[in-house]
Visitor: 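Input: one structure, supplied below.
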Amino acid sequence: MSRSPESVEPHAELEQLEPLFCIGESHCLRFRGRLYRRPGRTRPLVAHVHFLKDVEATTFTGDGGLHPAVAAALLAAGVLVERPSDDDDAEAGVELEPAHRATTFRRRVLAARHAALADEPLVAPAILLFAGDKELHGLACELDGADFELPQADFEPSRGGGVTRVPFHAVEAAFAARLRPFFDGLAMLREAG
C-alpha cells in the first residue's frame, strides 16, 4: 500500500545549541525553557536556569570567595571545574577554575579534546547573573515615608506635603554598598576568565 506525499512525516533535524546560564535570584526564572535565535548567528542560545533562593547581592561573596551555592551552580553547569589546590597546606583542598581555561598542559589538552568531541568552541559560555532585587526592596522599605531627590535639577515632579527628601547620592551610596559583594564576585569571575 502506498502513502500519499502529504502523509509522509518530515525527517527531524538536530540543531546544535549554545548554553546561556542564568544564575541567581528569582528574576532568572523567567528565562526557563527559552531558546533565543540571534540574527547572523548559526547556533541559538538555550537558557539553563539555576535559581538560588538563598543568595542575595549582599551574600554573593564571603570569606574571600563566591557563595557556596553560586560556586555549586557554576560547577553543576560545567562552567567551573575542581582541581587540587596548589597551596603547600595539605588541608587546602580544591580550587575552582574555568572549564575553558585550564592551567596545566594536560588539562588544556583534555579540555580541547572534549570540546572537539562535542563540536563546541573552547570559550567562556554566556552567563547572566541576577542579584540586587531584595536589596532594592529593603532599601525602599527603609525609605518608607520618604522620597529621594532626582539627580538632575532640570526635572522635579510635584510631591505632596510632608515627604522627607533624601539626597539622591545618599540613596545611591546605600544601594551601591549593598551591591558591593555582588560586584566583587563579578570581578572574581572576570579575573578567572
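Every heavy atom of this structure was used, including side-chain atoms; hydrogens, water molecules and symmetry mates were not.
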Visitor: Could you tell me whether the side chain of R34 and the main chain of R30 form a donor-acceptor pair under 3.5 Å?
Guide: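 Answer holds: yes.
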
Visitor: According to side chain to side chain donor-acceptor pair (under 3.5 Å), does anything in residues 180-193 pair up with another residue at least two apart or in another chain? List the pairs.
Guide: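 Checked against side chain to side chain donor-acceptor pair (under 3.5 Å) - neighbours excluded - no pair reaches residues 180-193.
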
Visitor: Could you measure the distance from the CG atom of L128 to the NE2 atom of H50? Nearest 0.5 Å is fine.
Guide: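 L128 CG to H50 NE2: 12.0 Å, rounded to 0.5 Å.
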
Visitor: Could you tell me whether a side-chain N or O of E135 sits under 3.5 Å from a main-chain N or O of T58, the two making a donor and an acceptor?
Guide: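 Indeed, once roles are kept as given, a pair shorter than 3.5 Å links the two residues.
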
Visitor: Taking C-beta and beyond as the side chain, do V171 and L139 meet within less than 4.5 Å on heavy atoms?
Guide: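 In short, these two side chains touch, coming nearer than 4.5 Å.
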
Visitor: When you measure from the side chain of T61 to the backbone N and O of P181, does any donor-acceptor pair fall under 3.5 Å?
Guide: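 The answer is yes, because a donor-acceptor pair under 3.5 Å joins these two groups.
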
Visitor: Might you point out which heavy atoms bring L35 and P44 nearest each other, and give the distance in Å?
Guide: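 L35 and P44 have their closest heavy atoms at CD1-CB, 3.9 Å.
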
Visitor: Within the structure provided, determine whether R43 and L17 are in side-chain contact (heavy-atom separation under 4.5 Å).
Guide: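 Not in contact.
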
Visitor: Regarding R178 and E142, does a basic nitrogen lie under 4.0 Å from an acidic carboxylate oxygen?
Guide: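 E142 and R178: salt-bridged.
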
Visitor: Could you give the distance from CD (E25) to CZ (F60), rounded to the nearest 0.5 Å?
Guide: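 E25 atom CD to F60 atom CZ measures 10.5 Å (nearest 0.5 Å).
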
Visitor: Does the side chain of L189 reach to within under 4.5 Å of the side chain of L66, using non-hydrogen atoms?
Guide: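 Contact flag for L189/L66 side chains = yes.
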
Visitor: Which value, rounded to the nearest 0.5 Å, describes the distance between L20 atom CG and F31 atom CZ?
Guide: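 Output value for this atom pair is 7.5 Å.
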
Visitor: Find out whether L186 and L129 are in side-chain contact, i.e. whether some heavy atom of one side chain is under 4.5 Å from a heavy atom of the other.
Guide: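 In short, these two side chains touch, coming nearer than 4.5 Å.
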
Visitor: Taking the ring centre of each residue, are F21 and H48 less than 6.0 Å apart?
Guide: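 Yes; H48 has its ring centre under 6.0 Å from that of F21.
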
Visitor: Is the shortest heavy-atom distance from the side chain of C28 to the side chain of F51 under 4.5 Å?
Guide: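 Answer yes - side chains close enough.
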
Visitor: Compare all side-chain heavy atoms of D133 with those of H27 and state whether any distance is below 4.5 angstrom.
Guide: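 Touching, per the 4.5 Å side-chain cut-off.
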
Visitor: Is it true that L29 and I23 fall in one hydrophobic cluster, defined by side-chain heavy atoms closer than 4.5 Å?
Guide: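 No, it is not one cluster - the side chains of L29 and I23 are not joined through contacts under 4.5 Å.
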
Visitor: May I ask whether V49 and V46 are part of the same hydrophobic cluster, defined by side-chain heavy atoms of I, L, V, M, F, W, Y residues being less than 4.5 angstrom apart, directly or through others?
Guide: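 Cluster IDs for V49 and V46 differ.
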
Visitor: Please report the shortest heavy-atom distance between G64 and M188, naming the atom on each side.
Guide: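 So the minimum-distance heavy-atom pair works out to O-CE, 3.8 Å.
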
Visitor: Look at the side-chain heavy atoms of Ile, Leu, Val, Met, Phe, Trp and Tyr, link any pair under 4.5 Å apart, and say whether F130 and V70 land in one connected group.
Guide: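 No; V70 is not reachable from F130 via cluster members.
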
Visitor: Search all heavy atoms of A73 against all heavy atoms of L52 and return the closest pair with its distance.
Guide: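 Reported closest heavy-atom pair: CB-CD2, 4.2 Å.
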
